[in-house]
2 protein chains.
Amino acid sequence: MKVVRNGEAQRAPRSGIARSAGPAADLPLDTILRGDCVAALSRLPAASVDLVFADPPYNLQLQGELKRPDDSRVDAVDDAWDKFDSFQSYDAFTRAWLLAVRRVLKPTGTLWVIGSYHNIFRVGALLQDLDFWILNDIVWRKTNPMPNFRGRRFTNAHETLIWAARQPEAKGYTFNYEAMKAANEDVQMRSDWLFPICSGQERLKDEAGHKVHPTQKPEALLARVILSASKPGDVVLDPFLGSGTTAAVAKRLGRHFIGVERDAAYADAAQARIDAVEPLPDLALATAPTAREAPRIAFNSLVERGLVTPGTMLTDAKAKMRAMVRADGTLSLETAPGLGQIGSIHRAGALAQGIEACNGWTYWHIATGEGLRPIDSLRAVVRTEMAMAAE
Amino acid sequence: MKVVRNGEAQRAPRSGIARSAGPAADLPLDTILRGDCVAALSRLPAASVDLVFADPPYNLQLQGELKRPDDSRVDAVDDAWDKFDSFQSYDAFTRAWLLAVRRVLKPTGTLWVIGSYHNIFRVGALLQDLDFWILNDIVWRKTNPMPNFRGRRFTNAHETLIWAARQPEAKGYTFNYEAMKAANEDVQMRSDWLFPICSGQERLKDEAGHKVHPTQKPEALLARVILSASKPGDVVLDPFLGSGTTAAVAKRLGRHFIGVERDAAYADAAQARIDAVEPLPDLALATAPTAREAPRIAFNSLVERGLVTPGTMLTDAKAKMRAMVRADGTLSLETAPGLGQIGSIHRAGALAQGIEACNGWTYWHIATGEGLRPIDSLRAVVRTEMAMAAE
DNA sequence: TGCTCAACTGAATCCCGCC
DNA sequence: AGGCGGGATTCAGTTGAGC
């Protein structure tokens, strides 16, 4: 399928603050659009949204009354009405809203969809058919799932989320790797997440004490989605807003939201909920400075600043390989025979090990009063100096 | 789509003894059929198999080569059998073997398929299209998955299994509910299972020490599948036998097996492996208990559960050092100058003291009505929740 | 024999900005 | 827009050599 790509998307700055460039002026930011999501999305400018979270109808095939995905009642429920028709119309519905989402997503934008085994396989296959690019499937493990009452199956204790980029080979999508790792005891965040279901105080209830929405998602789940895949100031869209969890969490986390909801009662409850949310202060939001986003420092600038003197010998951590620092910031390998023994700290490190690539900042060490230290520690000094100078 | 149903299917007895009636006389029991699985299955009698476990190619669609941070190359699954021209051709392949499986399944039979996000959505959607009836999707959580080396996604730490009945409203399929519950410390077995990947002694190696099959599954996984969904004496079919895990476990557990494998080297290795298996005595066929998961709690989960609010200030025991809790569960040191003052509770604690490592749980304290308390004291609440969700 | 440590490994759709 | 090159990136576990 040929996909229309939009050229107007803004590029986020490579370094500096993590907050993205401002959203397009004609976006209905921080509002709930009432009505059908495909129609509402078609009125938004193309390539304007950073992150989409979608919690579509699950197409639960309950015995008895059947409803179409658009919630219209099936006129004549007779025996001829078979499941294939139901899947087909669910697929058509899914395809329609996925295409609408694709149009409003920035090229660097990503999409999350949550579902259960009733619908998630269809959604995932359609995502692939429509040329989205799956980045992960995520399992939400419920601490407190509903038990299986009949004892005829395993307790259905999880739901599945799919995280997908707008297109294959998407570069530049947001993934706050360091924040996720730090949030997970300093090991990489995995694809299986553990959260309680939404209950207690968090669960919206009407005056009669009945739950407002049958499938309200926990805020913790949305918080992890939004924190992992967006930056403060980004635009988060939820085409099936329901009780408004996505919008409430986005607001609290300093993101803009756009919600679409066609049920007036849901939209009213969501609006009231969102209004009561107090955004967190900026300081509690700034994403951890990632190594990738840190200002680039050339090794040569260490030489220029006098932190490293030309002629200094660098070694690897075991002091086996040696290289001399030259005045232009390149290294000269001491022991390598033949040609090509001069290059950047990275090339020299790769040559020293006989491998293709190497991070010279961590490979090469310099002798100090307290023993060998990686030259990366000198770069930290420069970075600190620059940060102080900027204030 | 209209699905061809086989009229010759036998009706299983409505109730009765746990051990199934004997298998059909013309079944090639306990053998490996060499060749293409669709062709092999077409030669089996219809409605003759109780349980199918299928581990089809995943269609991984790997692009280039991947290297670890130490520059070593990841030994990827690049075999020809995993390559498909398009999703369309993968779908055609899948549809063909699913239809072949449907024919040989008894009306009470069930099918398991394992896959990853690369293929499982297509398999699941096709199962539904072909009128199978999904009973559960099961998540195999890996204790020791391969990390994400580039830090651009979540660690892909699970695979998905679909458990489906041959047809909707299937009655009389086997689910050993009590055995599963007993194996799970007397609470219902959930849809998320925790197992290590297959390695060590269990992993088949050739004379040169290379793995025989790139994707050998752990026996523990197959044991749970077979113990949950079949009875002793049942016929278990694996259309993609590979290294023979399904057959080996089936034999050990007192089930008959039929394996199909077209690669001669795989089939030879599987045959040798199966020959070495000693079936368990009848009395020992009771299920083995599963180990409980050691609860590991991230500070972030306290934030996600609302036990600690973003913006809260933590201090050390003497209230000298201060740090602010951020929305993603990381801390921001208040007094450290320059960059790099954001990190996990452990990193922040180490930074605050100028030491290499620190247990943030005991270092950081939170103000309560009864004075400062270590944040470790907040973990008990989460531990209780997690213990209930653990296996 | 027992301990330590280095080396190796696993179904993986794994970078990005600048010229 | 394609190529170049700086430089960022890993967890749990097994095996075997060395002491």
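Protein chains get the first letters and strands the later ones, always in sequence-line order, with residue 1 at the start of each. Computed from heavy atoms alone, side chains included, the values below leave out hydrogens, waters and symmetry copies.
Contact between the side-chain N/O atoms of A:Ser344 and the OP1/OP2 oxygens of D:dG6 is found at a separation under 4.0 Å. Residue A:Asn359 has a polar side-chain atom (N or O) positioned under 4.0 Å from OP1 or OP2 of D:dA8.
Distances from the side chain of B:His118 to the nucleotides C:dC15, C:dG10, C:dT13 place C:dT13 closest. Closest to the side chain of B:Thr215, from the set D:dT9, D:dG13, C:dA11, is C:dA11. Taking the side chain of B:Leu66 as heavy atoms from C-beta on, and the options C:dC14, D:dG6, D:dT10, the nearest nucleotide is C:dC14. Nearest nucleotide to the side chain of B:Asn156, out of C:dA12, D:dC11, D:dA8: C:dA12. You'll find that the side chain of B:Met146 is closest to C:dA12, out of D:dA8, C:dA12, C:dA11. Candidate nucleotides D:dA8, C:dG10, C:dC16 were compared by shortest atom distance to the side chain of A:Lys171, and C:dC16 ranks first. Ranking D:dC11, C:dA11, D:dG7 by closeness to the B:Tyr58 side chain, first place goes to C:dA11. Residue B:Arg153 has its side chain nearest to C:dC14 when only D:dT9, C:dC14, D:dT14 are considered.
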Protein proximity profile, nucleotides 1-9 of chain C - base contact B, sugar-phosphate-only contact S, no contact -, cut-off 4.0 Å on heavy atoms: --------B

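Every residue two or more places apart in sequence or in another chain that forms a side-chain hydrogen bond (donor to acceptor under 3.5 Å, both in side chains) with B:Thr155 is listed here: A:Gln188.
Atom P of D:dT9 sits at a distance of 25 Å from the matching atom of C:dA11, rounded to the whole Å.
Ion pair A:Asp129/A:Arg122 not flagged as a salt bridge, since none of the NZ, NE, NH1 or NH2 atoms sits closer than 4.0 Å to an Asp/Glu carboxylate oxygen.
Residues A:Trp163 and A:Tyr173 place their aromatic rings such that the two centres sit under 6.0 Å apart.
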